> 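Pasting a structure here, questions to come.
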Amino acid sequence: MSAPLLGHLDPAFVQMMEEVKDLLRVVFATTNPLTIPISGTGSAGMEACLVNLLEPGDEFVVGVNGVFGTRMAEVAERAGASVRRVEAPWGKVIRPEQVEAALKNTAKPKLVAVVHAETSTGAWQPLPEIAKLAHDHGALMLADCVTSLGGVPVLIDEWGIDAAYSGTQKCLSCPPGLSPVTFGPRAVEVVKTRKTKVQSWYLDLSLLAQYWGEERVYHHTAPISMNYALREALRLVVEEGLEARFARHRRNHEALAAGLAPLGLALAAEEGRRLPMLNAVTVPDGVDEAKVRGRLLKEHGIEIGGGLGPMKGKVWRIGLMGESSRRASVLTVLAALEDGLRAEGCSVTPGAAVAAAQAAYAK
Ligand SMILES: Cc1ncc(COP(=O)(O)O)c(C=O)c1O
């Protein structure tokens with residue numbers, strides 16, 4: 001990011017834009033030509049997808065089982081869509097039967113959306129069945145891949161996802177500031193045949209596509225250094241190899257889970273649907289979760305997240321994303337949690353958590 005700045009139409013920068021698009025297509029497992037980084041964080045990508053695919057009055061079916069499904073519903077309402085929420089308890093995933101029932105009760109569904117990796121709960125949402133249901137009912141499928149991209153498989157073309165957005169600061173291990181999006185042929189057609197103008201000029205994909213496509217028409221000044229960073233982050237992902245990266249995330253998650261057990265700690269998301277990069281841990285009764293988090297930060301230099309919404313005060317959220325999904329992070333956070341729990345008066349066997357994680361790694 002500290003490399004000298006280039007102009008946003010400089011041939012060298014234009015070349016870099018092409019590399020970013022190619023690399024994004026690799027991580028999204030897609031051939032979609034319209035695969036570009038939106039200027040702004042993950043929420044900008046969310047908003048870009050919703051305001052381009054929905055017009056006032058369109059019917060939108062959205063899975064709500066955490067903060068980010070809730071946010072999608074809010075953004076779509078502001079865009080004038082008629083929003084049908086399909087809800088599941090926080091920590092659980094949305095069932096295809098629920099989506100099917102909602103689609104049957106919707107006259108002309110335009111778009112279905114769910115969050116692939118719900119960062120507020122640690123739930124890992126399966127996508128292919130829901131995408132098929134959306135198509136069977138004549139709707140497009142949108143997926144929030146902010147936390148999943150680069151940490152678990154995201155197979156846009158194979159799963160029939162019409163549009164998806166992500167963020168740079170999660171498993172791509174890049175500073176925050178860009179939001180990769182990908183639009184497939186059906187989604188592009190919907191954007192092209194809109195009856196009304198996209199309410200946001202800044203996020204209008206037809207205009208952005210003229211800058212990121214062959215025309216190179218100035219729209220807004222690209223965040224140059226952010227694109228340097230994204231290109232380098234994506235290059236590192238490809239250098240490691242997607243499969244190796246997914247396996248690394250899985251292995252570190254399994255070791256963390258093994259180490260939490262002797263501390264009497266359990267993961268909050270439903271069994272079999274737990275994300276490897278976001279581990280929501282249930283806080284034991286009687287423990288002041290904020291005090292433990294504070295101690296981790298002050299004494300050990302480790303920041304973990306607290307719960308959001310209904311999970312506030314009830315869970316800790318331990319991120320093992322991208323570069324931070326490593327053995328040293330797992331062993332260090334387990335030792336620190338042991339210390340934090342003891343300070344709270346819990347009886348824990350010294351060293352048992354780290355030993356259990358080491359045993360998991362030795363398998
Ligand atoms: C699943 C999910 N969607 C959307 C967002 C919004 O992204 P940002 O905070 O980068 O705007 C986040 C951020 O944590 C997220 O985890």
Side-chain angles (χ1 to χ4, degrees), residues 24 27-28 36-51 53 60 62-79 85 88 90-94 111-127 130 141-154 156 161 163-182 200 202-203 223 226-227 229-230 233 249 268-269 273-280 303-312 315-322 324-325:
L24 281 178
V27 296
F28 272 126
I36 60 171
I38 297 285
S39 306
T41 61
S43 305
M46 177 191 290
E47 190 133 18
C49 289
L50 292 169
V51 301
L53 295 175
F60 174 48
V62 57
V64 176
N65 56 346
V67 166
F68 298 102
T70 309
R71 185 175 298 180
M72 275 204 273
E74 167 74 20
V75 173
E77 255 161 22
R78 288 175 185 225
R85 290 173 172 74
W90 286 40
K92 302 244 183 293
V93 296
I94 309 288
L111 182 66
V112 175
V114 288
V115 179
H116 192 204
E118 185 41 90
T119 325
S120 59
T121 68
W124 186 355
Q125 176 71 50
L127 299 177
I130 295 181
M141 178 73 196
L142 167 67
D144 174 322
C145 300
V146 169
T147 289
S148 54
L149 194 70
V152 292
V154 173
I156 294 298
I161 309 296
Y165 59 90
S166 188
T168 44
Q169 75 273 24
K170 299 287 199 306
C171 294
L172 299 180
S173 276
C174 180
L178 289 176
S179 176
V181 300
T182 185
S200 164
Y202 197 74
L203 298 175
M226 275 312 306
N227 278 282
L230 179 57
H249 278 82
R273 298 275 181 253
R274 290 173 181 157
L275 289 166
M277 75 290 279
L278 192 288
N279 301 272
E303 188 185 11
I304 62 171
L308 302 171
M311 285 187 155
K312 190 169 162 47
V315 297
W316 292 302
R317 293 178 309 129
I318 302 177
L320 294 173
M321 299 180 183
S324 80
S325 173

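Computed from a predicted model, the values in this text were never measured in an experiment. Whatever order the structure lists them in is the order used to number ligands and atoms, beginning at 1.
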> Would you mind checking which non-hydrogen protein atom is closest to atom 3 (N) of ligand 1, with the distance to 0.1 Å?
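Checked against all protein heavy atoms, atom 3 (N) of ligand 1 sits closest to Asp144 OD2, 2.6 Å.
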> Taking Thr70 for its side chain and Gly66 for its backbone only, find out whether a donor-acceptor pair lies under 3.5 Å.
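Such a contact is found between Thr70 side chain and Gly66 backbone.
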> Output the list of atoms in ligand 1 that are nearer than 4.0 Å to some heavy atom of Thr119, sorted by atom number.
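Result: 1 (C), 2 (C), 15 (C), 16 (O).
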> Is there a donor-acceptor pair closer than 3.5 Å between any side-chain N or O of Ser120 and the backbone N or O of Val67?
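Side chain of Ser120 to backbone of Val67: a pair is present.
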> Considering only heavy atoms, does Ala117 approach ligand 1 within less than 4.0 Å through its side chain, its backbone, both, or neither?
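Just the backbone.
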> Where do Gly122 and Ala269 come nearest, in terms of heavy atoms and distance?
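The pair with the smallest heavy-atom distance is O-CB, 3.5 Å.
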> Closest non-hydrogen protein atom to atom 6 (C) of ligand 1, residue and atom name please, with distance?
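Going by distance alone, atom 6 (C) of ligand 1 is nearest to Ser43 OG, 3.3 Å.
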> Measuring from the heavy atoms of His116, does anything fall under 4.0 Å of ligand 1?
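Under 4.0 Å: no for His116.
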> Less than 4.0 angstrom from a charged side-chain N to a carboxylate O is my criterion; do Glu77 and Arg85 meet it?
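The answer is yes: the pair qualifies as a salt bridge.
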> For atom 2 (C) of ligand 1, which protein heavy atom lies nearest, and how many Å away is it?
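Among all protein heavy atoms, the one nearest atom 2 (C) of ligand 1 is Phe68 CG, 3.3 Å.
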> So if I count the atoms of ligand 1 from 1 in the order they appear, which ones are less than 4.0 Å from some heavy atom of Arg71?
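Close to Arg71: 6 (C).
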> Run Arg71 and Asp144 through side-chain contact (heavy atoms from CB on, under 4.5 Å) and show every step you take.
CA-CA 11 Å; Arg71 185 175 298 180; Asp144 174 322; over 6 Å; no
> Which atom pair, heavy atoms only, marks the closest approach of Met72 to Val115?
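Looks like CE-CG2, 3.7 Å.
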> Are any of the N/O atoms on Thr41, whether in the backbone or the side chain, positioned under 3.5 angstrom from an N/O atom of ligand 1?
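N/O-N/O distance under 3.5 Å: yes.
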> Within the side chain of Thr182, is there an N or O that forms a donor-acceptor pair under 3.5 Å with the backbone of Ala163?
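Not at all, since once roles are kept as given, no pair shorter than 3.5 Å links the two residues.
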> Do any heavy atoms of Gly167 fall under 4.0 Å from ligand 1?
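Gly167: no contact with ligand 1 (<4.0 Å).
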> Would you kindly specify which portion of Gln169 sits under 4.0 Å from ligand 1, judged on non-hydrogen atoms: side chain, backbone, both or neither?
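The side chain, only.
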> Under 3.5 Å between any N/O of Gly42 and any N/O of ligand 1: does that happen in this structure?
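N/O-N/O distance under 3.5 Å: yes.
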> Mark yes or no for whether Gln125, through its side chain, and Ile94, through its backbone, hold a donor-acceptor pair below 3.5 Å.
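Yes, the answer is positive, given that a donor and an acceptor are paired below the 3.5 Å cut-off.
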> State the atoms of ligand 1, each with its element, that fall below the 4.0 Å cut-off from a heavy-atom position in Thr147.
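This gives 16 (O) as the contact atoms.
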> Taking Gly322's backbone N and O only, do any of them form a donor-acceptor pair with His249's side chain (distance below 3.5 Å, no angle check)?
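Looks like yes, one N/O pair under 3.5 Å.
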> So is there a nitrogen or oxygen of Lys170 less than 3.5 Å from a nitrogen or oxygen in ligand 1?
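N/O-N/O distance below 3.5 Å exists for this pair.
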